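The structure under discussion appears below in the form of C-alpha coordinates.
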Amino acid sequence: MARLDRLTGPVEKVAPRLLGAVVRSGAVAIRLTEVEAYAGVGEDEASHSHRGRTKRNAIMFGPAGHLYVYFTYGMHWCANIVTGVEGTASAVLLRAGEVVDGLELAIERRGARVPEKDLARGPARLASALGLDGSANGLNVLDPASPVRLTLRSRAVKEFEAGPRVGVAKEAERPWRFWLPGEPTVSPYRRR
DNA sequence: GATTTGATTCTCT
DNA sequence: GAGAATCAAATCC
(Lines give C-alpha, C1' and ligand atoms only; values in the text may rest on other atoms or scores of the structure.)
Protein backbone atom coordinates (compact mmCIF):
# COMPACT_ATOMS: atom_id res chain seq x y z
CA MET A 1 0.00 0.00 0.00
CA ALA A 2 1.25 3.42 -0.94
CA ARG A 3 0.87 4.84 2.52
CA LEU A 4 3.01 2.11 4.00
CA ASP A 5 5.69 2.74 1.39
CA ARG A 6 5.96 6.31 2.59
CA LEU A 7 6.79 5.12 6.10
CA THR A 8 9.66 2.93 4.95
CA GLY A 9 13.21 3.95 4.13
CA PRO A 10 15.79 5.78 6.26
CA VAL A 11 14.02 7.27 9.26
CA GLU A 12 15.55 10.70 8.71
CA LYS A 13 13.90 10.69 5.26
CA VAL A 14 10.58 9.38 6.55
CA ALA A 15 10.25 11.82 9.45
CA PRO A 16 9.78 14.99 7.35
CA ARG A 17 7.03 13.25 5.40
CA LEU A 18 4.95 13.23 8.59
CA LEU A 19 5.04 17.01 8.83
CA GLY A 20 1.60 18.32 7.94
CA ALA A 21 0.05 14.88 8.33
CA VAL A 22 -2.99 14.57 10.56
CA VAL A 23 -3.30 12.17 13.49
CA ARG A 24 -6.86 11.51 14.57
CA SER A 25 -7.88 9.85 17.82
CA GLY A 26 -11.64 9.80 18.11
CA ALA A 27 -12.96 13.35 18.06
CA VAL A 28 -9.54 14.98 18.30
CA ALA A 29 -7.35 15.53 15.24
CA ILE A 30 -3.88 17.08 15.28
CA ARG A 31 -1.85 18.35 12.34
CA LEU A 32 1.81 17.57 12.99
CA THR A 33 4.18 20.51 12.94
CA GLU A 34 7.22 18.98 14.63
CA VAL A 35 8.71 15.46 14.69
CA GLU A 36 11.93 13.76 15.69
CA ALA A 37 13.65 10.72 14.16
CA TYR A 38 15.12 7.85 16.16
CA ALA A 39 17.04 5.05 14.45
CA GLY A 40 17.41 1.40 15.32
CA VAL A 41 19.74 -0.98 17.10
CA GLY A 42 23.30 0.23 17.32
CA GLU A 43 22.68 3.20 15.02
CA ASP A 44 21.52 5.84 17.44
CA GLU A 45 22.51 6.06 21.09
CA ALA A 46 19.56 8.30 21.86
CA SER A 47 17.04 5.75 20.62
CA HIS A 48 15.23 3.43 23.00
CA SER A 49 16.00 0.57 20.64
CA HIS A 50 19.73 1.23 20.63
CA ARG A 51 20.56 -1.60 23.01
CA GLY A 52 18.15 -4.08 21.54
CA ARG A 53 14.69 -5.30 22.23
CA THR A 54 13.08 -4.85 25.64
CA LYS A 55 9.55 -5.24 26.88
CA ARG A 56 8.97 -1.52 26.51
CA ASN A 57 10.34 -0.97 23.02
CA ALA A 58 9.12 -4.25 21.49
CA ILE A 59 6.65 -2.38 19.26
CA MET A 60 9.54 -0.55 17.59
CA PHE A 61 10.75 -3.87 16.20
CA GLY A 62 7.45 -4.54 14.48
CA PRO A 63 6.20 -3.30 11.11
CA ALA A 64 5.86 0.38 10.19
CA GLY A 65 2.69 2.28 10.89
CA HIS A 66 2.21 1.12 14.46
CA LEU A 67 2.11 3.39 17.49
CA TYR A 68 4.88 3.16 20.06
CA VAL A 69 3.60 4.86 23.22
CA TYR A 70 5.84 4.90 26.27
CA PHE A 71 5.65 6.23 29.80
CA THR A 72 8.39 8.53 31.05
CA TYR A 73 9.33 10.76 33.98
CA GLY A 74 6.79 8.86 36.03
CA MET A 75 3.93 10.89 34.64
CA HIS A 76 4.03 11.46 30.91
CA TRP A 77 3.15 9.49 27.79
CA CYS A 78 4.92 10.10 24.49
CA ALA A 79 3.78 8.78 21.12
CA ASN A 80 5.86 7.60 18.17
CA ILE A 81 5.07 6.11 14.80
CA VAL A 82 7.19 3.11 13.89
CA THR A 83 8.93 3.39 10.51
CA GLY A 84 11.05 1.21 8.30
CA VAL A 85 10.65 -2.47 7.67
CA GLU A 86 9.98 -4.99 10.41
CA GLY A 87 13.07 -5.49 12.56
CA THR A 88 14.51 -2.05 11.87
CA ALA A 89 13.29 -0.59 15.17
CA SER A 90 13.28 3.02 14.03
CA ALA A 91 10.50 5.41 14.93
CA VAL A 92 9.41 9.02 14.71
CA LEU A 93 8.46 10.91 17.87
CA LEU A 94 5.45 13.16 17.48
CA ARG A 95 6.74 16.29 19.15
CA ALA A 96 4.11 18.91 18.45
CA GLY A 97 1.09 19.81 16.39
CA GLU A 98 -1.94 21.98 15.91
CA VAL A 99 -5.36 20.83 17.05
CA VAL A 100 -7.55 20.94 13.93
CA ASP A 101 -10.60 19.10 15.24
CA GLY A 102 -12.11 18.15 18.58
CA LEU A 103 -10.90 21.38 20.14
CA GLU A 104 -13.34 21.21 23.02
CA LEU A 105 -12.28 17.73 24.03
CA ALA A 106 -8.61 18.63 23.71
CA ILE A 107 -9.14 21.63 25.98
CA GLU A 108 -11.00 19.46 28.45
CA ARG A 109 -8.08 17.02 28.61
CA ARG A 110 -5.37 19.64 28.82
CA GLY A 111 -7.09 22.19 31.04
CA ALA A 112 -9.26 25.18 30.22
CA ARG A 113 -6.51 27.67 30.96
CA VAL A 114 -4.06 26.25 28.43
CA PRO A 115 -3.62 28.56 25.42
CA GLU A 116 -4.84 26.94 22.22
CA LYS A 117 -1.39 26.92 20.68
CA ASP A 118 0.03 25.04 23.66
CA LEU A 119 -2.51 22.21 23.60
CA ALA A 120 -0.16 19.91 21.66
CA ARG A 121 3.11 21.87 21.90
CA GLY A 122 5.45 19.17 23.20
CA PRO A 123 5.38 15.37 22.96
CA ALA A 124 3.67 14.65 26.28
CA ARG A 125 1.17 17.44 25.67
CA LEU A 126 0.38 16.09 22.21
CA ALA A 127 -0.21 12.60 23.54
CA SER A 128 -2.38 14.01 26.30
CA ALA A 129 -4.48 16.08 23.90
CA LEU A 130 -5.08 12.97 21.80
CA GLY A 131 -5.94 10.96 24.90
CA LEU A 132 -3.14 8.47 24.18
CA ASP A 133 -1.75 6.24 26.91
CA GLY A 134 -0.40 2.73 27.24
CA SER A 135 -3.58 1.24 25.85
CA ALA A 136 -2.81 2.86 22.47
CA ASN A 137 0.59 1.16 22.27
CA GLY A 138 0.83 -1.05 19.20
CA LEU A 139 -2.17 0.32 17.31
CA ASN A 140 -1.86 0.34 13.53
CA VAL A 141 -2.47 3.93 12.46
CA LEU A 142 -2.89 2.88 8.81
CA ASP A 143 -5.77 0.55 9.65
CA PRO A 144 -9.12 2.26 8.90
CA ALA A 145 -10.63 0.36 11.82
CA SER A 146 -8.04 1.64 14.31
CA PRO A 147 -9.18 4.19 16.91
CA VAL A 148 -6.03 6.19 16.14
CA ARG A 149 -5.33 6.93 12.50
CA LEU A 150 -2.74 8.78 10.44
CA THR A 151 -3.61 10.72 7.30
CA LEU A 152 -0.59 11.64 5.23
CA ARG A 153 -0.61 14.64 2.95
CA SER A 154 -1.00 13.80 -0.73
CA ARG A 155 2.30 15.58 -1.22
CA ALA A 156 4.98 15.90 1.42
CA VAL A 157 5.72 19.46 2.48
CA LYS A 158 8.77 20.81 0.72
CA GLU A 159 9.65 23.49 3.18
CA PHE A 160 10.78 22.36 6.58
CA GLU A 161 13.71 22.97 8.86
CA ALA A 162 15.99 20.51 10.63
CA GLY A 163 17.99 20.87 13.82
CA PRO A 164 19.24 19.08 16.94
CA ARG A 165 16.86 16.89 18.88
CA VAL A 166 15.41 18.10 22.15
CA GLY A 167 16.10 16.63 25.57
CA VAL A 168 18.50 13.89 24.52
CA ALA A 169 21.78 13.45 26.36
CA LYS A 170 23.59 11.62 23.58
CA GLU A 171 23.79 12.26 19.88
CA ALA A 172 22.58 15.78 20.60
CA GLU A 173 24.30 17.11 17.53
CA ARG A 174 22.39 14.90 15.12
CA PRO A 175 19.97 17.20 13.27
CA TRP A 176 17.04 14.82 13.35
CA ARG A 177 14.33 17.13 14.60
CA PHE A 178 12.16 18.46 11.81
CA TRP A 179 9.59 21.21 11.98
CA LEU A 180 7.47 23.55 9.87
CA PRO A 181 8.96 27.04 10.01
CA GLY A 182 6.76 29.79 11.32
CA GLU A 183 4.33 27.48 13.12
CA PRO A 184 3.43 28.79 16.60
CA THR A 185 2.88 25.22 17.84
CA VAL A 186 6.52 24.17 17.43
CA SER A 187 8.08 23.56 20.83
CA PRO A 188 11.05 25.66 21.98
CA TYR A 189 14.47 24.02 21.73
CA ARG A 190 15.90 22.93 25.05
CA ARG A 191 19.36 21.49 25.33
CA ARG A 192 19.72 18.78 27.91
C1' DG B 1 19.06 -6.03 44.82
C1' DA B 2 19.99 -0.80 44.83
C1' DT B 3 20.59 3.36 42.49
C1' DT B 4 20.34 6.42 38.60
C1' DT B 5 18.19 8.35 34.69
C1' DG B 6 14.91 10.03 31.60
C1' DA B 7 12.03 11.43 23.72
C1' DT B 8 8.77 16.09 30.16
C1' DT B 9 5.92 19.55 32.05
C1' DC B 10 4.11 22.39 35.66
C1' DT B 11 4.70 25.59 39.45
C1' DC B 12 6.92 28.65 42.21
C1' DT B 13 10.79 32.00 42.74
C1' DG C 1 15.87 29.36 36.52
C1' DA C 2 15.28 25.71 39.98
C1' DG C 3 12.58 21.90 41.89
C1' DA C 4 9.08 18.54 42.05
C1' DA C 5 6.22 14.82 40.49
C1' DT C 6 6.93 9.65 40.19
C1' DC C 7 7.98 4.99 37.76
C1' DA C 8 10.03 1.72 34.31
C1' DA C 9 14.18 0.57 32.23
C1' DA C 10 18.93 0.80 32.33
C1' DT C 11 23.01 0.59 34.86
C1' DC C 12 25.68 -0.49 38.59
C1' DC C 13 27.15 -3.19 42.73
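Chain naming here is simple, since letters A, B, ... match the order of the sequence lines and numbering starts at 1 in each. The figures here come from the full heavy-atom set of this structure, side chains too, leaving out hydrogens, waters and symmetry mates. Quantities reported herein were computed from a predicted structural model and do not represent experimental measurements.
The stretch residues 72-87 of chain A touches DNA chain C through A/Tyr73, A/Gly74, A/Met75, each having a heavy atom within less than 4.0 Å of the strand. Applying a 4.0 Å cut-off to non-hydrogen atoms, the residues of residues 29-55 of chain A that approach DNA chain B are A/Tyr38, A/Ala46, A/Ser47, A/His48, listed by residue number. Contacts between residues 96-125 of chain A and DNA chain C, defined by a heavy-atom separation under 4.0 Å, are absent. Contacts between residues 180-192 of chain A and DNA chain B, defined by a heavy-atom separation below 4.0 Å, involve A/Arg190, A/Arg192, listed by number.
In terms of the salt bridge (charged side-chain N to carboxylate O under 4.0 Å, His left out) criterion, residue partners of A/Arg177 (sequence neighbours excluded) are, by chain and number, A/Glu34. Take A/Phe71 and apply the ring-ring contact (aromatic ring centres under 6.0 Å, His included) test, not counting sequence neighbours, and it matches A/Trp77. Qualifying side chain to side chain donor-acceptor pair (under 3.5 Å) partners for A/Glu36, counting only residues two or more places apart in sequence or in other chains: A/Tyr38.
A donor-acceptor pair under 3.5 Å is absent between the side-chain atoms of A/Asp101 and the main chain of A/Val28, judged by distance alone. For A/Arg51 (side chain) and A/Glu45 (main-chain N/O), no donor-acceptor pair under 3.5 Å exists by modelled atom type. For the pair A/Thr54 (side chain) and A/Asn57 (backbone), a donor-acceptor distance under 3.5 Å is present.
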Would you mind writing out the side-chain donor-acceptor pairs for residues 155-165 of chain A within the sub-3.5 Å range, not counting sequence neighbours?
unit_1, atom_1, unit_2, atom_2, d
A/Arg165, NH1, A/Ala37, O, 2.9
A/Arg165, NH1, A/Asp44, OD2, 2.8
A/Arg165, NH2, A/Asp44, OD1, 3.1

All N/O donor-acceptor pairs, side-chain side in residues 125-133 of chain A, below 3.5 Å, sequence neighbours left out:
unit_1, atom_1, unit_2, atom_2, d
A/Arg125, NH1, A/Arg121, O, 2.8
A/Asp133, OD1, A/Ser135, N, 2.9
A/Asp133, OD1, A/Ser135, OG, 2.6

Please test A/Thr88 against A/Thr83 for side-chain contact (heavy atoms from CB on, under 4.5 Å), starting from the C-alpha separation and ending with a verdict. CA-CA 8 Å; A/Thr88 304; A/Thr83 67; over 6 Å; no

Verify side-chain contact (heavy atoms from CB on, under 4.5 Å) between A/Val11 and A/Val92, making sure each step is shown before the conclusion. CA-CA 7 Å; A/Val11 67; A/Val92 177; 3.8 Å; yes

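Applying the 4.5 Å side-chain rule to ILVMFWY residues, one finds A/Val166 in the same cluster as A/Tyr189.
The minimum heavy-atom distance between A/Leu93 and A/Pro123, with the atom names listed, is CD1-CB, 4.1 Å. Annotation for A/Gly65 and A/Leu7: closest pair CA-CD1, 3.8 Å, computed over non-hydrogen atoms. Nearest heavy atom pair, residue A/Leu19 against residue A/Phe178, reads CD2-O, 3.7 Å.
Here, B/dA2 and C/dT6 have their P atoms 22 Å apart, quoted to the whole Å.
A/Ser47 and A/Ser49 are linked by a side-chain donor-acceptor pair at a separation below 3.5 angstrom, with hydrogens and angles left out of the test.
By the 6.0 Å contact criterion, CD on A/Glu104 is open, its count of non-hydrogen atoms from other residues, nucleotides or ligands being 12 or less.
Grouping the Ile, Leu, Val, Met, Phe, Trp and Tyr side chains by contacts below 4.5 angstrom, directly or via other members, places A/Leu94 apart from A/Val186.
Distance, A/Leu93 CG to B/dT8 C1': 11 Å, rounded to whole Å.
Looking at DNA chain B, the stems built from 3 or more consecutive Watson-Crick or G-U wobble pairs, each pair with its key distances under 3.5 Å, are B:1-6 with C:7-12, B:8-12 with C:1-5.
The outermost nucleotides of DNA chain C lying under 4.0 Å from heavy atoms of chain A, listed 5' to 3', are C/dA5 to C/dT11.
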